[in-house]
Amino acid sequence: MSVESLFPRLEPLLPKVQKPIQYVGGELNSTVKDWDDAQVRWALMYPDAYEVGLPNQGVQILYEILNELPETLAERTYAVWPDLEALMRSEGVPQFTVDAHRPVRAFDVLGLSFSTELGYTNMLTALDLAGIPLRAADRGEDDPIVLAGGHAAFNPEPIADFLDAAVLGDGEQIAIAITEVIREWKAEGRPGGRDGLLMRLAESGGVYVPKFYDVEYHPDGRIRRVAPNRPGVPWRVHKHTVMDLDEWPYPKKPLVPLAETVHERFSVEIFRGCTRGCRFCQAGMITRPVRERSIETIGDMVEAGLRESGFNEVGLLSLSSADHSEIGEVAKGLADRYDGTQTGLSLPSTRVDAFNIDLANEFSRNGRRSGLTFAPEGGSERMRKVINKMVSEEDLIRTVTTAYGQGWRQVKLYFMCGLPTETDEDVLGIADLAKKVIKAGREATGSRDIRCTVSIGGFVPKPHTPFQWAAQCEADVVDRRLSALKAALRGDKEYGKAIGYRYHDGKPSIVEGLLSRGDRRVGEVIRAVWAAGGRFDGWSEHFSYERWMRCAAETGIDIDWYTVREREENEVLPWDHLDAGLDREWLWQDWQDALGEGEVEDCRWTPCYDCGVCPTMGTEIQIGPTGKKLLPLTVL
Amino acid sequence: MAQRLRVRYAKRGRLRFTSHRDISRAVERAVRRAGIPVAFSAGFTPHPKISYAGAAPTGVASEAEYLEIGVTRPCDPEGLRAGLDASLPPGLDVLDVVEARAGSLADRLEGSDWELRLPGADAGLATVAVEKFLAADLVEVERLTKKGMRRFDARGAVLSLAVLEGTEGTERTAGQTPGRSCVILRMVVRHATPAVRPDDVLTGLRLVADFAPPSPPEVTRLAQGPLDASTGEPADPFDLDRDPTRGGEPGLTERVVGDL
């Protein structure tokens with residue numbers, strides 16, 4: 001059965017919408033394969049606007065890997081803006097892929113990558129537009145398997161009713177394995193129908209099928225237990241870890257969009273995982289252990305990526321990029337290679353460390369020298385001990401003094417508000433820190449022409465972190481502290497004008513908190529918010545706190561119970577049956593250590609502290625140095 | 001800067017939905033992929049020396065868009081054409097490249113030849129509307145511009161306007177199923193300030209005769225260039241670069257239009 005392109009029906013709608021180019025596909029390096037030649041067909045969705053979703057590394061990597069497989073095709077779909085959604089509804093045009101404009105419902109799998117929980121309502125829009133029943137229980141044999149991945153999938157319970165399956169961890173190998181399972185099942189004539197396929201996926205222990213698990217509750221609302229409801233389904237589902245990044249050098253051919261997107265650069269992941277142990281950081285906890293990509297592979301990937309894309313900026317990504325064991329050589333090698341070519345290099349996520357100024361100097365050699373960003377996260381020494389962000393005030397002042405002294409004019413500092421045990425004084429400490437930064441900068445440069453920007457976000461406790469038991473700070477407390485900080489910064493005659501202040505109010509964090517640590521009962525709120533018009537919750541102009549509160553009240557969900565309530569050690573958490581490798585006792589001990597302001601070192605340089613990941617997952621730390629250098633490129 | 005090259009390119013099919021900014025990013029990347037030795041401006045944030053003349057609006061297809069590239073060492077125009085074309089996504093197609101001789105390219109783009117396909121429109125009504133429009137001395141229309149709502153004459157800049165019949169959907173505009181007959185408007189419009197665009201002429205047809213096609217028009221710019229005094233049609237703006245002694249006789253443009 002062949003599938004017709006929806007483009008002839010979509011096209012007349014495009015002149016009527018904003019930025020129509022985002023819906024037409026045709027990106028450089030995009031792939032359109034023959035429908036009938038493929039046995040297994042994936043629609044990959046990043047559930048946000050094209051401009052955010054297109055650059056997403058996870059989707060690009062899976063898109064390329066799946067399309068390299070024989071008899072397999074993968075296409076992409078993104079959230080359509082409300083203007084096009086309205087037209088698609090009135091004209092009966094279903095959710096489409098941008099590659100060949102095929103209807104999403106015709107695919108075998110709809111794979112969604114959730115970086116954030118705020119994409120949940122967009123998933124419902126896409127399902128509804130596609131003509132796929134919202135609830136997994138209502139789907140038939142012709143509907144795709146709706147599969148979630150990404151960091152938010154480490155607690156997929158709030159969207160469990162809408163998902164057929166979820167996978168935890170690195171997607172490269174499991175996507176191929178799932179493809180193989182589907183191919184065999186189809187080749188055998190689809191034995192057991194839809195449930196037969198889901199059962200094959202669940203049995204492996206590597207794919208979570210929510211409907212094969214029942215959740216039982218205590219009378220007070222806490223979970224009593226989560227248990228498989230049929231034989232052959234494992235009690236726990238484990239995350240996936242790719243162990244040799246050099247064997248998976250994707251993306252090789254990055255997608256180059258015509259439309260403007262949020263990241264206009266070629267990005268290379270220089271390592272995965274982080275063991276710094278920042279207690280608030282879900283990414284650092286669930287992506288362990290650290291696995292470095294070698295300097296040579298990084299060099300090869302940058303060279304190929306620039307050649308294939310024509311981008312003029314390279315981003316070296318990871319959770320803490322300056323921690324790569326050969327980052328100095330990487331920086332110098334790349335800066336030398338691209339000297340005089342107008343190619344910019346950027347290193348997001350760096351620590352507060354004087355060494356990073358040298359790196360930044362190297363990186364800005366071929367481009368602009370704008371600003372440096374550091375993330376002390378906590379305003380006081382005490383707060384930073386609680387969150388295990390081991391940066392002293394001395395370190396910070398020394399680092400920014402060096403930066404200003406070497407010609408940098410702008411320093412950005414990231415903080416969080418609403419952290420466990422936080423007091424008003426901890427937050428006001430941010431103002432003192434910022435003033436000291438400016439004072440040190442003026443002394444170092446003898447100039448008043450330097451600036452510092454304080455950016456502050458609300459803290460949301462996340463599953464699989466030591467703070468998973470913590471009470472989230474109430475929105476009005478966060479707002480009060482943020483206002484007090486603003487007054488302290490603005491009111492300062494000597495330094496106030498040199499300090500910029502950026503913050504968001506505390507309300508969206510409460511909704512994020514509900515979705516992060518929610519259980520299956522929260523799904524009804526998501527559906528109600530979506531039905532009431534909720535779309536693009538990650539965009540402040542579309543997000544409505546009032547709508548979430550109203551729908552929660554109507555569905556009988558107590559938001560405080562899910563957010564600002566502290567959990568006991570023995571409470572069953574909604575994600576306890578999903579295994580990120582972290583030992584639950586270690587997490588609890590680390591939570592107790594946080595309350596006692598005790599710090600934990602990085603296991604890359606100190607003995608293992610038994611977080612549990614490596615022995616449980618059969619993995620190990622993979623770091624250099626390799627001792628290799630990047631040689632100059634020969635021009636042919 | 002060793003040389004300036006002038007490039008004519010087409011914007012076809014679904015890529016007609018690219019905006020001017022989208023195209024300029026795509027061209028900058030294609031120039032890097034093709035290894036073209038583009039010159040950069042001096043200063044704190046160097047920019048590649050690529051300039052655009054008379055870009056068609058978002059949603060409008062074109063067979064005659066123009067840009068100029070400054071390079072640091074002399075390049076063979078045909079080699080540059082092939083390299084740039086291979087590096088751009090299909091649908092942004094490089095048709096012709098010449099070395100710039102004298103004068104400004106933008107100044108030569110005096111008028112455009114447009115084709116509007118109107119699926120579902122009535123040919124009889126279109127003919128009546130066109131007659132009324134051409135008979136008028138002045139047809140004032142309004143359009144929202146960057147400077148707010150502007151009111152201007154859409155009639156004076158229209159040098160010719162005719163109703164043809166053809167089939168709906170072309171390679172140039174999109175993947176619509178060809179075959180169904182549809183009304184085609186063909187017009188030559190002088191470039192003026194404010195610019196009179198094909199949709200302004202459509203607005204004019206609605207004002208003079210209540211002519212309103214049921215669905216959005218598929219618009220294609222077929223040519224732009226110096227207006228030939230005898231034929232009233234745009235000639236190839238590269239004629240002067242190829243042979244400075246020649247005037248504005250019909251050249252390449254004529255041939256390409258005939259191919260469509």
Side-chain angles (χ1 to χ4, degrees), chain A residues 4-30 32 51 87 91 98-101 253-261 264-266 304-313 338 340-344 366-370 635-636, chain B residues 11-41 43-48 57-61 72 84 86-92 119-120 168-169 173-178 180 199 213-219:
Chain A
E4 296 277 310
S5 168
L6 294 167
F7 197 71
R9 290 166 62 199
L10 174 67
E11 189 181 19
L13 314 182
L14 294 181
K16 302 172 189 172
V17 303
Q18 293 288 310
K19 299 185 195 166
I21 186 66
Q22 67 185 309
Y23 304 116
V24 309
E27 300 90 347
L28 200 66
N29 299 325
S30 60
V32 172
E51 65 197 78
L87 289 168
E91 300 299 317
V98 296
D99 302 278
H101 294 91
K253 292 185 170 185
L255 291 166
V256 186
L258 286 147
E260 190 166 12
T261 60
E264 300 275 323
R265 64 182 176 217
F266 175 60
L306 289 178
R307 188 180 61 232
E308 295 291 341
S309 68
F311 282 129
N312 65 344
E313 190 184 333
Y338 298 101
T341 63
Q342 314 290 341
T343 304
N366 300 327
R368 282 171 298 163
R369 177 169 291 202
S370 48
V635 181
L636 298 174
Chain B
K11 183 166 83 147
R12 292 170 171 155
R14 55 188 178 173
L15 289 214
R16 76 180 197 273
F17 292 108
T18 46
S19 72
H20 176 55
R21 280 165 52 85
D22 298 334
I23 288 176
S24 101
R25 273 194 312 277
V27 169
E28 282 183 30
R29 286 171 188 156
V31 160
R32 280 193 293 271
R33 294 180 76 226
I36 294 167
V38 63
F40 279 83
S41 64
F44 195 61
T45 51
H47 287 288
T58 304
V60 169
T72 54
L84 193 58
S87 298
L88 280 166
L92 289 180
E168 196 179 300
T173 49
Q176 299 225 3
T177 328
R180 282 187 292 172
D199 50 319
S215 53
E218 298 166 22
V219 183

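Numbers restart at 1 for each chain; the letters A, B, ... are given by sequence-line order, proteins then strands.
With sequence neighbours left out, the side-chain hydrogen bond (donor to acceptor under 3.5 Å, both in side chains) criterion links A/T261 to A/E264.
Here A/L258 is the residue among A/L258, A/V256, A/L14 with the most heavy-atom pairs under 4.5 Å with chain B. The most heavy-atom pairs under 4.5 Å with chain A, out of B/S215, B/P46, B/A26, B/G35, come from B/P46.
Between B/F17 and A/I21 the shortest heavy-atom distance is O-CB, 3.4 Å. In plain terms, the two heavy atoms of B/R14 and A/V98 that are nearest each other are NH1-O, 4.0 Å. Smallest separation of non-hydrogen atoms from B/P89 and A/G26: CB-O, 3.8 Å. Contact between B/D22 and A/A259 at its shortest, heavy atoms only, is OD1-CA, 3.7 Å.
Proximity to chain A involves both the backbone and the side chain of B/T18, based on heavy atoms less than 4.5 angstrom apart. For A/E27, no part lies under 4.5 angstrom from a heavy atom of chain B. Using a 4.5 Å cut-off between heavy atoms, B/I23 makes no contact with chain A at all. With a 4.5 Å cut-off on non-hydrogen atoms, A/S309 touches chain B through its backbone but not through its side chain. With a 4.5 Å cut-off on non-hydrogen atoms, A/K19 does not touch chain B at all.
Annotation: the span from B/R32 atom CZ to A/Q342 atom CD amounts to 9.5 Å, rounded to 0.5 Å.
Proximity of B/R33 to A/L28: side-chain heavy atoms (C-beta onward) are separated by under 4.5 Å at one or more points.
In this structure, B/R29 contributes its side chain and A/G310 its backbone to no donor-acceptor pair below 3.5 Å.
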